[in-house]
Amino acid sequence: MIVSSVLCRYGHSPASKGRVTVFARVRFLPRAVPLDRQETKMTRRRQIYEGKAKILYEGPEPGTIIQYFKDDATAFNAQKKGTISGKGVLNNRISEHVFTMLGLIGIPTHFIRRLNMREQLVRQVEIIPIEVVVRNVAAGSIAKRFGIEEGTMLPRTIIEYYYKDDSLNDPLVSDEHIAAFGWASQDEMHDIADMAIRVNDFMAGMFAGVGIRLVDFKLEFGRLFDGDFARVILADEISPDGCRLWDMKTGDKLDKDRFRRDLGGEVEAYQEVARRLGLLTEEESAVLDLDEHRKARGKTPATVPTEAAPDTKPPAI
Ligand code: TMP
């Protein structure tokens, strides 16, 4: 498993040894302006970190960060690299939608609001160095590890943890390792498992409603500090980059496996997910239909549609 987002820390801790440590110094604005009324155009800003699929910039207020979604795609611990033109725009929209919906059902998340086509404002958290993978159907590494045919329903939902460390190739770890090495406390792991199941229940239903099977997905969590008190909230992104999404009728893959497995049609698959979730206007969908038509005739598809940023309020957490 691969580290896809930054570890943001305010200072040294024994647990940060050997991993990327970013000191996210924050600039103070002369006057505090409510987040939902801030000017989103920022002329000068500091880059905090560049990951494989995102860049993080200092946000406009202390405790905020801007996530910029790139078109870059990597797989197999960045051994395979490429660009999926328009992916960043689609992932920004899809992740905004999913995080907003999860916020509405009471899952605390880092998401504040989308700023523009490729950027969203999020709360700054200390990323817990665990990738949480939730699986409903055997695919990918679990199918390989246990010799299960891809597509086999698992007898129950399985949660796995991977330690985020590129140099170790993100090894699979158990609760015991997490507790023993102090990557997260028992209470935090309890909250994480609880939220992962709730996210799975919600997302499986949401995708089933638009004819998509939620096979598996990866989540990341972070600590939000309030004085000495820290609470765990959902962080990073939820998009076809970190999910397996199969069309229920055809079995077509609508996710990053198209890139991992050289299947082609990556951006069309991501667009299809966005379209089914109702995130593309009728006009934009018409462009996509035209793309399908052009593709069928062997022509290259048009680029991803553009749109303006909505004025969503930050969810209360
Ligand atoms: P896996 O079957 O390769 O372990 O992947 C399980 C899920 O986690 C799949 O939906 C893709 C996602 N994932 C990531 O988001 N990042 C990663 O680095 C890997 C390996 C998988």
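The basis for the numbers below is simple: all heavy atoms, side chains too, and nothing from hydrogens, waters or symmetry mates. Small disclaimer: the values here were computed from a predicted structure and weren't measured.
When atom types are taken as modelled, the side chain of R231 and the backbone of L224 share no donor-acceptor pair closer than 3.5 angstrom. Checked by atom type and distance alone, the side chain of N136 pairs as donor or acceptor with a backbone atom of L214 at under 3.5 Å. Proximity of a side-chain donor or acceptor of D226 to a complementary backbone N or O of F229 within less than 3.5 Å is not detected. Distance alone, capped at 3.5 Å, is enough to place a donor-acceptor pair between the N92 side chain and the N116 backbone. At least one donor-acceptor pair closer than 3.5 Å links the side chain of H110 to the backbone N or O of D236. With hydrogens and angles disregarded, a donor-acceptor distance shorter than 3.5 Å links the side chain of N77 to the backbone of D166.
In this view, E188 and R223 satisfy the salt bridge (Lys or Arg N to Asp or Glu O under 4.0 Å) rule, not counting sequence neighbours. Under the side chain to side chain donor-acceptor pair (under 3.5 Å) criterion, S95 pairs with no residue, sequence neighbours left out.
H177 and S174 form a side-chain donor-acceptor contact under 3.5 Å, judged by distance and modelled atom types alone.
Closest non-hydrogen pair, D71 versus G86, comes out as OD2-N, 3.1 Å. Across every non-hydrogen atom of A193 and I159, the tightest pair is O-CD1, 4.0 Å.
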Verdict with supporting geometry, L90 and S239, side-chain contact (heavy atoms from CB on, under 4.5 Å): CA-CA 8 Å; L90 290 161; S239 72; over 6 Å; no
side-chain contact (heavy atoms from CB on, under 4.5 Å) between V199 and V134, worked out: CA-CA 9 Å; V199 170; V134 182; over 6 Å; no
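The side-chain hydrogen bond (donor to acceptor under 3.5 Å, both in side chains) test with Q120 singles out one residue from R113, Q67, R114, and that residue is Q67.
Summarising the hydrophobic clusters (Ile, Leu, Val, Met, Phe, Trp, Tyr; side-chain heavy atoms under 4.5 Å, direct or chained), the residues clustered with I148 are I142, F146, L154, I158. Other members of the hydrophobic cluster containing V137, listed by chain and number, are M153, V215, W246; membership follows side-chain contacts under 4.5 Å among ILVMFWY residues, whether direct or relayed.
Between D241 and K87 a salt bridge is recorded (basic side-chain N to carboxylate O distance below 4.0 Å).
S141 has its side chain within reach of Y162: a pair of non-hydrogen atoms, C-beta onward, lies under 4.5 Å apart.
V89 and F69 are not part of a single hydrophobic cluster, where members link through side-chain heavy atoms under 4.5 Å apart. L263 and L254 are assigned to two separate hydrophobic clusters, defined by single-linkage of ILVMFWY side chains at heavy-atom distances under 4.5 Å.
Here salt bridge (Lys or Arg N to Asp or Glu O under 4.0 Å) pairs that include residues 100-111, with residues two or more places apart or in two chains, number zero. Residue pairs meeting the salt bridge (Lys or Arg N to Asp or Glu O under 4.0 Å) criterion with at least one partner in residues 255-265, sequence neighbours excluded, are K80-D262, E150-R261, R244-D257, D257-R260, D257-R261.
Aromatic ring orientation, W183 versus Y163: parallel (interplanar angle below 30°, classes split at 30° and 60°).
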